[in-house]
Protein chains: 2
Amino acid sequence: MVKMSDVAKLANVSTATVSRVLRSPETVKENTRQKVLSVIEELNYQPNILARHFRRSETNTILVIVPNIMNTVFAEIVGGIEQAAAANGYKVLLRNTNLDVRNEYEAIDHLKQRQVDGMILLSERLEKKTLLEISKQYPVVLASAYIEGLKVPTVSIDNISSSREATEHLIRLGHKRIANICGPLFSSISRDRLKGFKQAVYQNDLEVDSVLIQEGEFTFDSGYNQMLKFLALEVPPTAVFAANDEMAMGAIKAAKENGLKVPEDMAVVGFDNIKFSSMFEPALTTIAQPKYEMGKKAMELLLEQMQGVVHTKIQHVLDTNLVIRDSCGAKKAELV
Amino acid sequence: MVKMSDVAKLANVSTATVSRVLRSPETVKENTRQKVLSVIEELNYQPNILARHFRRSETNTILVIVPNIMNTVFAEIVGGIEQAAAANGYKVLLRNTNLDVRNEYEAIDHLKQRQVDGMILLSERLEKKTLLEISKQYPVVLASAYIEGLKVPTVSIDNISSSREATEHLIRLGHKRIANICGPLFSSISRDRLKGFKQAVYQNDLEVDSVLIQEGEFTFDSGYNQMLKFLALEVPPTAVFAANDEMAMGAIKAAKENGLKVPEDMAVVGFDNIKFSSMFEPALTTIAQPKYEMGKKAMELLLEQMQGVVHTKIQHVLDTNLVIRDSCGAKKAELV
DNA sequence: ATACTAAATGTAATCGATTACATAAACTAA
DNA sequence: TTAGTTTATGTAATCGATTACATTTAGTAT
């Protein structure tokens, strides 16, 4: 393996000069630089990156902790992260936690051992205290969940107002009895989306029937099952807001199987705007999260932190928007 | 930062002994080992992994090159890779190429620079020759495309026979005029799936009408558009085999919009068995690829290679199976 | 030309764990 | 006990790029 000293010898300069040619070419005279570069070419010299990492104790690598990469929402965020990372010469180390906190703690060791220069967390399992502690010592960005009052740079959406908007949309369409299939309540995202739903209901003086709120697991099946519960009620709802698109799809399937037409007999709104929500039939009305952009933004914030920028603005809340398609009945309502 | 020499001093041993305690504890006397371990604990010593990487020139990291992590098929394979990697103490570096070959070449530099110990390629853009060259020098595993005669360890499915099976299923259901929406033909996967389709058609003496084969792009929209073409024919097909699920969904949408019932008026079979194929309506009949297992298997092969095992079996072809759901009409056919 | 400043290059220490080789300690068998 | 072995530990070189500091070279002003 050719090393820097080989290049130096052949080019008749010191290793210091070779190193400079590679890392700060502007400090080397044009002449020598050309000479060194041509020798590098000639010997096909590849710097030993591991030696560099060691010496500089930085790796140009960041760690992304994901609950589950097979979930399309996370995959898109990671896509955004990767793009921004690559564009800035950074590599992305991916860690799937499968919702196991131990894996998160293990991953944090990578930071402590300086195997990575920074970390983006898409999961929200760590305690606030731990998170704050880590964030004081290392560059860290949270993506996906807004955590009230947490002084850790975060990219998120406003889950509360977004789901309020989704619910209000149903209210505007004339629905009085609206159900909610919320996500698992250990997740703050789920709690926020539920909160937004309740706000809309209260603010519009609609009836608040606790049986109209059922907890799902963000899965198609759970959406299906909770909808069955609603349909079994004496007075079923006429509309459902599901806290993610998969559950919305499950809910729609249940409704259809029970002879209801969606949106005519049962309006449904989802959340996330995953790719398949537009392919589904009826195409889902849903809240669009800027998933890719969230990843990109998170990476950009992390880059700044790694360059030593101290953020005064800690929480970055990106815009969502209600995408009106067929499952809520708004389009047909207009036509009539 | 506490270093090994600090531990050594406090424990009254040499750094060599400390190093042994960490890397080959069985060679150290119980007594000293305990002493060293307790000092490590006391000082909260974390070894400098970068120094280790440098000295040993290995990183316990592998590189995964993915065309696009936002594609659920790839995301699942990566899920399998990550799980197997983590279980064996390896980290996963993720690189999205967005189908740009330059990115693949860049990624290969990581191998050459020993930033990673091995590589799994999910993309198939590199030339055979390059691939073989790389594979001779570094641990590499290909996942997803079987390339005839290529002497590089590969995990794949048999795309040809799988799509022949899918097509034959339609033939068994009585269809005589079957169309195919194939994938982009620069991809060998697409070519194989097309080949399998043709084999089934020829072997069953069905008419071979070149207008019944249209090239899509593995996207919903392309499936939709190609189906429109079929429907515009004087004699449209009665069944369509689409080379992936997304195109199958697009095709179904087009058929429905044109007043056809699926599967009664138009039977459709897809390929991949992505998660949403069962949520779609009608639920897709499709070829199930063992995506997660392919990732897992690829990682296992890579691990073996990295441990110096020379594989005699180069090509590993995993089983697929036809998942019969509603879009092909088989279920109803049975009932009748 | 001289003195001074700025730019370019070189010298050599450094990062911290690993490990080949050397030495010491412990054990075994007669 | 002694010689011979095995086991445990220590010494110090090593991996290869980076960089503080020293030195040389070039450039500028008088």
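Numbered from 1 within each chain, the chains take letters A, B, ... in sequence-line order.
- For A/Ser187, the side-chain contact (heavy atoms from CB on, under 4.5 Å) partners at least two apart in sequence or on another chain are A/Glu124, A/Ile189, A/Ser190.
- A heavy atom closer than 4.0 Å to some atom of DNA chain D occurs in no member of residues 28-36 of chain A.
- Take B/Asp100 and apply the salt bridge (Lys or Arg N to Asp or Glu O under 4.0 Å) test, not counting sequence neighbours, and it matches B/Arg102.
- Identified under the side-chain hydrogen bond (donor to acceptor under 3.5 Å, both in side chains) test for residues 297-309 of chain A, with sequence neighbours left out: A/Glu304-A/His311.
- A/Arg23 comes within 4.0 angstrom of the backbone, heavy atoms only, and of no base.
- Taking the salt bridge (Lys or Arg N to Asp or Glu O under 4.0 Å) definition, one finds that A/Glu58 meets it with A/Arg56, sequence neighbours left out.
- Within the structure, the ring-ring contact (aromatic ring centres under 6.0 Å, His included) test picks out the following pairs touching residues 28-60 of chain A (sequence neighbours left out): A/Phe54-B/Phe54.
- Residues meeting the salt bridge (Lys or Arg N to Asp or Glu O under 4.0 Å) test with B/Glu148, sequence neighbours left out: none.
- Between A/Arg33 and A/Glu30 there is a salt bridge, since a side-chain N of the basic residue sits under 4.0 Å from a carboxylate O of the acidic one.
- Note on B/Ser19: a base of the nucleic acid sits closer than 4.0 angstrom, heavy atoms only.
- Heavy-atom nearest nucleotides on DNA chain C were determined for A/Thr15 and for A/Glu26, and the one closer to the 5' end corresponds to A/Glu26.
- Using a 4.0 Å heavy-atom criterion, one finds that A/Asn12 contacts the sugar-phosphate atoms exclusively.
- Nucleotides of DNA chain D lying under 4.0 Å from heavy atoms of chain A occupy a range whose first and last members, 5' to 3', are D/dG16 to D/dA20.
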Just list the side-chain donor-acceptor pairs under 3.5 Å for residues 80-93 of chain A, sequence neighbours left out, or say none.
{"from": "A/Glu82", "atom 1": "OE2", "to": "B/Arg95", "atom 2": "NH1", "distance (Å)": "3.2"}
{"from": "A/Glu82", "atom 1": "OE2", "to": "B/Asn96", "atom 2": "N", "distance (Å)": "3.3"}
{"from": "A/Asn88", "atom 1": "ND2", "to": "A/Ala84", "atom 2": "O", "distance (Å)": "2.7"}
{"from": "A/Lys91", "atom 1": "NZ", "to": "A/Thr59", "atom 2": "O", "distance (Å)": "3.1"}
{"from": "A/Lys91", "atom 1": "NZ", "to": "B/Gln115", "atom 2": "OE1", "distance (Å)": "2.5"}

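- Within residues 41-58 of chain B, the residues approached by DNA chain D to less than 4.0 Å at the level of any non-hydrogen atom are B/Phe54, B/Arg55, in residue-number order.
- When the side-chain contact (heavy atoms from CB on, under 4.5 Å) test is applied to B/Asp319, no partner is found at least two apart in sequence or on another chain.
- The side-chain contact (heavy atoms from CB on, under 4.5 Å) test applied to B/Leu10 returns B/Val39, B/Glu42, B/Leu43, not counting sequence neighbours.
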